Amino acid sequence: MPPTEASALGAAKTVTKATVGERLMLALRSADASAGPLRWLALAVLALAAIFPLIGGPFYTRLGIETLLLGSVALSVDILLGHAGLLSLGQAAYFGLAAYISALMYLHVTQSFWLVLLAVMVAVGVFSFLLGAVAIRAKGVYFALITFGAAEILSKIAHNTRAIGGSDGLLGIPVPRIPLLPGVVLDLHSNLVFYYAVLAALVLIYLATRRVLATAFGSVLRAIRDNADRVPYLGYNPFWYKLAAYVLAAQIAAFGGLIYPLLRGFVAPNLFGFEVSTQAVVMSLVGGVGTLIGPLAGSAIITFLDSLVGSYTDRHLMVLGAIFIVFVMFLPDGLCGLVRRAFIAFSGEVHTGAPQKTRQTQNAPRREVSP
Amino acid sequence: MLDRSSLLCFAASGALALALASGSQAADAIKVGVVTPLSGAYAPIGKQVRWGAELAVKEINAAGGVKGRPFELLFEDEEANPPVAVRKSEKLIQQDKVDLITGTVNSGSTLAVGQLAERNDRILVTTVSYAPTITGAQCSPNVFRVNANAFMQSNALTAWLAKNIAGKRYFFIGPDYEMGRSTIGAFQDDIKRLGGTDVGATFPPLGAKDFTQYIGAIRAARPDVIMTATAGNDTVRLLTQLKEYGILSDKLTLAGAAGAVTQENIGAMGGAGDGFLSSAGYSTDIDTPANKTFVAAFKKEHQSEPDLFGADTYGLFYLLKQAIEQAGGTETAKLRAAMEDATWQTPQGTKKMRKGDHQAIVDMVVVKVKGNDFQTVGKVAGEEAVGPDKCDRF
Amino acid sequence: MEDLLPYLHFVVLPQVIDALIIGVALALVALGLTMIFGLLDVINLAHGDLYMLGGFAAFTLLGWGLGYWSALVLVPILIGIVGWALEELGIRPLLPRADRAVVTLLLTFGVSLILRDLAQVIWGTETRAVAASLSGVVSAAGVIVPSYRLFVFAFAVATIVGTWWLVYRTQIGAVLRATAVDPAMVASFGIPIRWVYGFTFVYGCGLAGLAGVLLSPIYAVFPTMGHDFLVMAFAVVIVGGMGSIIGAVVAALLLAQVQGLASLWIPPVWAETLVYGVMLLVLVVRPAGLFNRLGAA
């Protein structure tokens, strides 16, 4: 049914006349209301992640670390898409930026992890603030294109600047030993130590993000996601909230980038690439947008699938594209959302979140689907 | 994959037959990981690499393998993307327990996988990457190269050009990235050394589609020779557009890197590439019985002629066979020692490994494009072309 | 000073002319993109791959013995059909969703991956040539332009003018523009909106296919060629104003000139970055683009 015929036929009847798509989006909306099922899911995922390296062996443990790092990029996509209504196609910009700064600092400046961490946080913070300030002013989908463009520019700059390795990238980043507390040193030469350290850090990041989004800040953000035009009437300036979310998301993506060179020992311009950004979006979608645990689960699923598919056929791009399309069209709230709905249906509870929320495309008021 | 299982069948039956015949133990397969771009822009090269490997392994296994042990190839698609290449290589090394790795194409991947190989005590052999730094400033005790590098190509080509082309005005076009710039740099240095005049150089972005903006500069420079380091589609576009604008003529000589015009893009030139000169370690018309057999076998197996990537990869496996037999196994230190001093036979002739930097010394041929084919017009001996050993990391 | 005139004549002028031709080709590609977004709110990331399919279709048709001119007519129709299939199966079900712009962007991205791989499976990885039926150069006042490029220029301009005429001077165009402004109103006149959307999408895809066949003799054909224009096309659409035909043309000409002239003075690689910078600038100063949408006055 063409989008606006629905609105033309009667505003008040929107709930009953809502299409499958809209009802799905409604179910998706209550990210904090249905904490129950998601919490169990998160615990299950965490348990799986915790025992994984014990059954995996060195390669899979290291692959698991890389999955966690990419998962942080996916998480950053989810914060923006699922909670602020912003689709960013350029989170790889921060992944790559963090990776390069991390690599450069380790190669030329210092061996101190904490100093590197500080440098990355500051650099990414400044860059995301500036870019975000420009990008957020643009409406709706323009934001996606600007973020995409920014990642492309950074990729080109990295590719063409010989001083930072050019198209070959930088090699030789050492595996560090990180002093945590006096007397306690994280020796990342051990795959298990590396894995659990990254897992612990990511769990902390996840919990912190969850907490932040459960506050009033998160509520305003979700209000902006659902109906940006109304929010100013409530006394909030959407711009600063979106910008804050963007800067936060950038830091989380940067975490992945910070650790990557420590794991793989090199950086290359591909880390800024479209593939990284879009993989993060795919992971988020497959896992479940808005669920926060979804992208992390999605990261594991996609990485595993990619590896599996690659062993059977060279046509893995086609398979990935097909999976992507299936999820976009039929499973918009991803696997975690699916699990959550099943859980809700099974337990007989009714979670509707707030009534009659609609997502508004931010281009022009006349595009509104329902009031 | 179908081919993997049929290879396994071959390998299994070959090993079994040998075991029954000689009474020796049926040894396990020698696993070689081939990490090469099977999709994306570099897929044509990966395809040749794969074909070369498969043909060599088929032949070797059918003839009894390496002292009874068959080769087993494990392919992974690296998409010419170093992070992916490293991930796949790590899988091959740690999970599939390959004995060594080959197949990387672009220099970024080769360098990154080379570092991984070093950290995991395995050997990486590249049969395609021609960035000099791989056996130069960024050399590694675990990385070997059996193909001619850009330096060698330039040496051979410019020597031939200086001798055979009357005009001395040279214009250079290279894609603006590490490989393009260093290849053009090598060309420029050599031409200057040989008495030519550098009348201009320009660096379009990699993947540029329109070269018309450089044509004005080319025309103004009035060169006798245009040397290019473009590859694949870039070369097709450059040359067709030069032809479009009437720049090409009998008085202008086209020359460039070996990767500029290959089997994969020669068909698309529409005559624009006629007369293009390059120097490579291989050409299909090298007149030795070994090469004739090889080309025929390759055509029969894959319905296409081999190019330098296919030929060099094919030749690698004969080096490996020889080295593994000499080392008595695939233990890295012994294998390295055996490979470092190796001299082995390939379709294009004898290759010798240089111990100091793990660069193979390859006899170069200068080839000229004629229609859809390559014709050898000159030869430069390997020792002459190879250049100094610039590796001091080991 | 005496160097300036020859410089302008032999370096700058040819550059301007070349960029003009490239700009018009770019406008052709961007036109389809902007019409689809202007009317349907759909960002078609597979647009570049439809352009690629156009090139391959031309290659295949010529391989079957058809002449170049027949291919020029047939290919846009063929690609239009592909576009129609995409619209029916993929886009239409997603249109009712409130987040349609985001979701269709993601969908077309998945389609793009599939098309690219599919092309490699069907046609292989080699680069292919399409021979044009025109060769030779035209020379005037010391400036040389290949005849085929002049043809491309003329044909593209004709197509653009034709499209403009279609949208602004015909009944169909009136319906199109009205639907962009207020679909509900148009629906209430009894006009089937779904056909309007379908037609627009098919037309946009047909334009991409046309660009593919038109440019294939110059740029050769290979599976990843969709990337050629896609990024620049999006920059054009953003700068010009999503949905504006005039905007697409002006922006395409402008950006092509910026890139072309900039490459004379800075390394060409950075010229592309400059174009991005211009895009960002426009987004800051005038987020809606230089011109207004399809329907607006």
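Worth saying up front: this structure is predicted, and the values here are computed from it rather than measured. To find a chain, count down the sequence lines: A is the first, B the second, and so on, and within it residues start at 1.
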Gap between atom CD of C:Glu126 and atom CD1 of B:Ile266 - 0.5 Å precision = 11.0 Å
Where on C:Phe59 is there a heavy atom nearer than 4.5 Å to chain B: the side chain, the backbone, both, or neither?
-> neither
B:Lys368, NZ atom: more than 12 neighbouring heavy atoms under 6.0 Å | no
Whether B:Gln241 side chain and C:Ile218 backbone form a donor-acceptor pair below 3.5 Å | yes
Honestly, the part of B:Leu38 sitting under 4.5 Å from a heavy atom of chain C is backbone
So, the part of B:Lys47 with a heavy atom under 4.5 Å from chain C: the answer is side chain
So what's closer than 4.5 Å to chain B heavy atoms on C:Tyr219: side chain, backbone, both or neither?
-> both
Heavy-atom distance under 4.5 Å to chain C: side chain of B:Thr212, backbone, both or neither?
-> both
For the residue pair B:Tyr245 and C:Val145, what are the closest heavy atoms and their distance?
-> CE2-CA, 4.4 Å
Looking only at non-hydrogen atoms, find the nearest pair between C:Val137 and B:Gly246 and report the distance.
-> CG1-N, 4.4 Å
Engaged part of C:Ile144 at the chain B interface, taking heavy atoms whose separation is under 4.5 Å = both
Per-residue tally against chain B (heavy atom, under 4.5 Å) across C:Thr224, C:Asp18, C:Asp117 peaks at C:Asp18
Heavy-atom proximity to chain C below 4.5 Å, by part of B:Tyr177 | neither
Trace of the side-chain contact (heavy atoms from CB on, under 4.5 Å) decision for C:Met225 with B:Asn233 | CA-CA 9 Å; C:Met225 71 193 257; B:Asn233 304 310; over 6 Å; no
Closest non-hydrogen contact found for C:Ala129 with B:Gly267 is CB-O, 4.3 Å
Look at B:Thr240, B:Leu206, B:Asp210 and state which one has the largest set of heavy-atom pairs under 4.5 Å with chain C.
-> B:Asp210
So which of B:Ala43, B:Pro44, B:Gly46 has the largest heavy-atom pair count under 4.5 angstrom toward chain C?
-> B:Pro44
Which heavy atom in B:Ala268 sits nearest to a heavy atom in C:Thr127, and how many Å separate them?
-> CB-O, 3.4 Å
For atom CH2 of C:Trp64, decide whether the heavy atoms of other residues, nucleotides or ligands shown that lie under 6.0 angstrom number more than 12.
-> no
